[in-house]
Amino acid sequence: MRIYRANNYQELSRKAANIISAQVIIKPNCVLGLATGSSPIGTYKQLIEWYNKGDLDFSEVKTVNLDEYRGLGKESDQSYVYFMHHNLFDHINIKPENINIPDGKNPDAVAECARYDKVIEDVGGIDIQLLGIGRNGHIGFNEPGSAFEKNTHCVDLTESTIEANKRFFASIDEVPRQAYTMGIRSIMHAKQVLLIASGEDKAEAIYKSFWGPVTPEVPASVLQLHPNVVLVADDAALSLVK
Ligand code: GLP
């Protein structure tokens, strides 16, 4: 694993965007695995800036997003499909048909999860997977549990995640209780994983994930077994690491 320590969020975002743009330049038809949450917003802003300068071309890039709240669709400004359009896709020249996100509006969980696994297979796997991390060590919406869930699945969100994500909703009651998420197998099959973490509230998750035992109780810890992980984190997120 390679670790880049950043002094602040801006530096972290620039470094993450650097790594992603290197991928886009080297392989213009690459598959980017993308994430939501507050962590990647700065990275996406930086990519948009470089795109506007003419340094990046997304016309052949394909994307697969990690997850989506079950029940939410693009008409909801809390959905991840809305987030991705608002924070990235609407500002770059990606083709709509090259964008893939689990369909939160599909009530048939079994069918939707199977469809999404097929989507990941059909794009030929992920070249670089961007990840944030939950305070409890979740990646995507792979929550702590007794086993690593391999494939795309419908997950019951934990109290800790509902609590952490309520800031995006009018009230905690509006936070969906379930989500569709890419499984650990797809994340682990990505050729490269880029995990970004900012702030002190991520310090424990980062410490346990990369310096603790590999356990489904801390889902991100499985990344210790991945051959090509880059961790970009600021001082606060690395504060428990000696
Ligand atoms: C959500 C997303 C994750 C994300 C996490 C952390 O639960 N499903 O993909 O990593 O939030 O979000 P933030 O970056 O806002 O702390």
Side-chain angles (χ1 to χ4, degrees), residues 6 8-10 12-13 15-17 20 32-46 63-72 76-84 86-88 100-104 113 116 126 128-145 149 152-169 172 174-184 186-188 190 193-206 208-210 218-223 229-234 236-238:
N8 51 47
Y9 180 69
Q10 204 186 347
L12 173 157
S13 302
K15 177 57 77 182
I20 294 171
L32 301 178
L34 297 178
T36 52
S38 47
S39 304
I41 291 176
T43 306
Y44 295 152
K45 268 201 182 121
Q46 183 64 79
T63 62
V64 281
N65 258 81
L66 281 169
D67 48 10
E68 178 62 282
Y69 288 113
R70 188 175 188 203
L72 299 193
S76 160
D77 58 7
Q78 311 303 339
S79 69
Y80 286 166
V81 61
Y82 180 96
F83 174 102
M84 287 309 301
H86 182 73
N87 287 296
L88 183 65
N100 299 286
I101 303 179
D103 179 7
C113 294
Y116 206 62
I126 298 161
I128 181 162
Q129 177 65 55
L130 176 64
L131 294 176
I133 188 166
R135 293 177 203 173
N136 60 6
H138 75 238
I139 44 177
F141 269 133
N142 287 276
E143 294 279 38
E149 289 271 1
T152 302
H153 55 287
C154 181
V155 64
D156 293 328
L157 301 180
T158 62
E159 281 311 313
S160 139
T161 299
I162 292 166
E163 182 62 31
N165 290 1
K166 73 172 186 210
R167 67 192 193 278
F168 299 112
F169 293 81
I172 194 162
E174 287 185 26
V175 186
R177 272 25 189 188
Q178 288 188 317
Y180 295 136
T181 184
M182 195 188 276
I184 293 293
S186 307
I187 295 172
M188 289 298 281
V193 172
L194 168 60
L195 191 142
I196 54 176
S198 169
E200 218 173 311
D201 61 338
K202 299 294 170 69
E204 195 182 340
I206 288 296
K208 283 187 176 167
S209 298
F210 295 103
V218 184
S221 67
V222 75
L223 298 173
V229 176
V230 181
L231 168 63
V232 183
D234 60 15
L238 289 170

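In listed order, ligands and their atoms are each counted from 1. None of these values were measured; they are calculated from a predicted model.
Note that the OG atom of Ser186 and the CD atom of Gln129 stand 9.0 Å from one another [nearest 0.5 Å]. Rounding to the nearest 0.5 angstrom, the gap separating the OH atom in Tyr82 from the CG atom in Asn87 is 9.0 Å.
In this structure, Gln178 and Val155 have side chains that are not in contact, with every pair of non-hydrogen atoms separated by 4.5 Å or more. Residues Val232 and Leu195 form no side-chain contact, since every pair of their non-hydrogen atoms from C-beta on lies 4.5 Å or further apart.
If you look at Tyr80 and Tyr69, their ring centroids are closer than 6.0 Å.
Remark: side-chain polar atoms of Asn136 are paired, donor with acceptor, to backbone N or O of His138 under 3.5 angstrom.
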Please tabulate, one line per pair, the protein N or O atoms found under 3.5 Å from any N or O atom of ligand 1, giving the distance to one decimal.
residue, atom, partner, partner atom, Å
ligand 1, 7 (O), His138, NE2, 2.8
ligand 1, 7 (O), Asn165, ND2, 3.2
ligand 1, 8 (N), Asp67, OD2, 2.7
ligand 1, 8 (N), Gly140, O, 3.1
ligand 1, 10 (O), Ile133, N, 3.3
ligand 1, 14 (O), Ser38, N, 3.3
ligand 1, 14 (O), Ser39, N, 2.9
ligand 1, 14 (O), Ser39, OG, 2.5
ligand 1, 15 (O), Ser38, N, 2.7
ligand 1, 15 (O), Ser38, OG, 2.6
ligand 1, 15 (O), Arg167, NH2, 2.8
ligand 1, 16 (O), Lys202, NZ, 2.5

